[in-house]
Amino acid sequence: MSKKEVGIIIPMFNEELVIIEVLKKLKQVRPNDTIIIVDDGSSDNSYDVVKKQTSDVYLLKHNVNLGQGAALQTGIDFAKKLNIDYLITFDSDGQHSPMDIQPFVDKAKEGDFGIILGSRFLGEAVNMSKFKHYFLKVSTYFTWLTSGIRLTDSHNGFRLINLKKHSNFEMTHNGMSHASEIIDLIHSNKMTYIEMPCTIIYSDYSKVKGQSMFNSINIVLDVLFGKVSK
Amino acid sequence: MIILKIFLSLIVTVAFLILAFSSKYVYFKKLALFFFYLLAIFFVISPESADILSTFLGIKSSGSILILYISVGMLFLFFANLYMHGKKMERKFTLLIRELAIREAYKTEDNKNKKDDKANS
């Protein structure tokens, strides 16, 4: 098996309408990367759509819905088996731009960073509402408070993980709080990190599909409970 | 007096957090439950001792209020234990599903190859 340097994980949950389009765009820009799709127990036909309409994509399936964090970790475990060095986490709803991947990979090689986090505030956030802007700013302060790491953007799905350097990278939060957990992991695994601009495109579709801001209450509680129960 | 109260409530909070959320000290947890069980029986047999104890602790109404306080604390402990148990089960369940997903990983190219094989044969 030829070793591929860059892997892209796409956690997928009920995305039958857009996933093929997202994959097509991704393949156009990144034809040589390993693509790993983790279907997180979708209740629609996402799994079959990908299975029938794509080629050269690894497809994994959770038999029940566990959450985005769990799906990502399944993809990471699988990527370790494939000996992938640099792993990109990519959203399945078309929010992220495939053009952002190359600068992340270049930067990781150049600076030997453990993790590179995408930031929509350094880059471009197309069609983001004002309220969401301030809301996300507040969430970065919460992250700063709980982890001691100050970032410009905390809950952004676009990142690069250097598996060559951190083969023990493991998340345990199944839900959306994994984004905060990653920042804790940076601290506990002493990973070198940097933020880089990335583009987030807020389409009408992704606005509906994306997590509601009320879910942040869940995230805050998960983070706090996670801290006490260690 | 207020300092003593804060101090006592801090001790109770810390003890509660340790008992509720730590996976260690399982024996302490069981011991605590057993102790409260004995206490409950003791209060049933001699209710007036609850009155004496509550006057000693400075609760101005009857001893049944003291029992109420203790029960609420115990219920919280139960709830927290249950919550942690649920979390642990979820973790195990996740690992199981993950293992299954990785075992049954599927490369969509295989699909085409199989078709080609069939066409060739």
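As a basis for the values below, the full set of heavy atoms in this structure was taken, side chains included, without hydrogen atoms, waters or symmetry mates. Lettering of chains follows the sequences in order, A, B, ..., and the numbering in each one begins at 1. Computed from a prediction, not measured in an experiment: that's the story for all the values here.
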Next item on the list: Please flag which part of B/Leu100 lies under 4.5 Å from any non-hydrogen atom of chain A: side chain, backbone, both or neither.
Entry: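 Side chain only.
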Margin query: Less than 4.5 Å to any heavy atom of chain A: does that hold for the side chain of B/Arg98, its backbone, both, or neither?
Written below: both
Notebook entry, point to check: For B/Ile3, does the CD1 atom sit with more than 12 other heavy atoms under 6.0 Å from it, leaving out its own atoms?
Noted result: no
Check: Is there a side-chain contact between A/Ile149 and A/Trp144, using heavy atoms and a 4.5 Å cut-off?
Finding: no
Notebook entry, point to check: With side chains defined as the heavy atoms from C-beta onward, is the minimum distance between A/Phe78 and A/Ile9 less than 4.5 Å?
Noted result: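 A/Phe78 vs A/Ile9: side chains apart.
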Notebook entry, point to check: Is A/Glu5 salt-bridged to A/Lys164, cutoff N-O under 4.0 Å?
Noted result: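 No salt bridge links A/Glu5 with A/Lys164.
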Margin query: Does the structure place the NZ or CZ of A/Lys61 under 6.0 Å from the centre of the six-membered ring of B/Tyr106, at an angle of no more than 45° from the ring's axis?
Written below: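 So A/Lys61 doesn't make the cation-pi contact.
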Item checked: Under 4.5 Å from any heavy atom of chain B - which part of A/Leu59 -> both
Notebook entry, point to check: In terms of heavy-atom proximity below 4.5 Å to chain B, should A/Gln53 be classed as side chain, backbone, both, or neither?
Noted result: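 It is neither, since no heavy atom gets under 4.5 Å.
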Check: Between A/His96 and A/Thr199, do the side chains contain an N or O donor and an N or O acceptor separated by less than 3.5 Å?
Finding: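 Absent: no donor and acceptor within the cut-off.
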Note to self: Just by distance, no angles: are the side chains of A/Ser46 and A/Glu16 close enough, under 3.5 Å, to form a donor-acceptor pair?
What the structure shows: no
Checklist line | Residue pairs passing the ring pair (Phe, Tyr, Trp, His ring centres under 6.0 Å) test where at least one lies in residues 15-42 of chain A, sequence neighbours excluded | finding: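 Listed by first then second residue: nothing to list.
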Next item on the list: Identify the residues of residues 24-45 of chain A whose heavy atoms come closer than 4.5 Å to a heavy atom of chain B, ordered by number, or report 'none'.
Entry: none
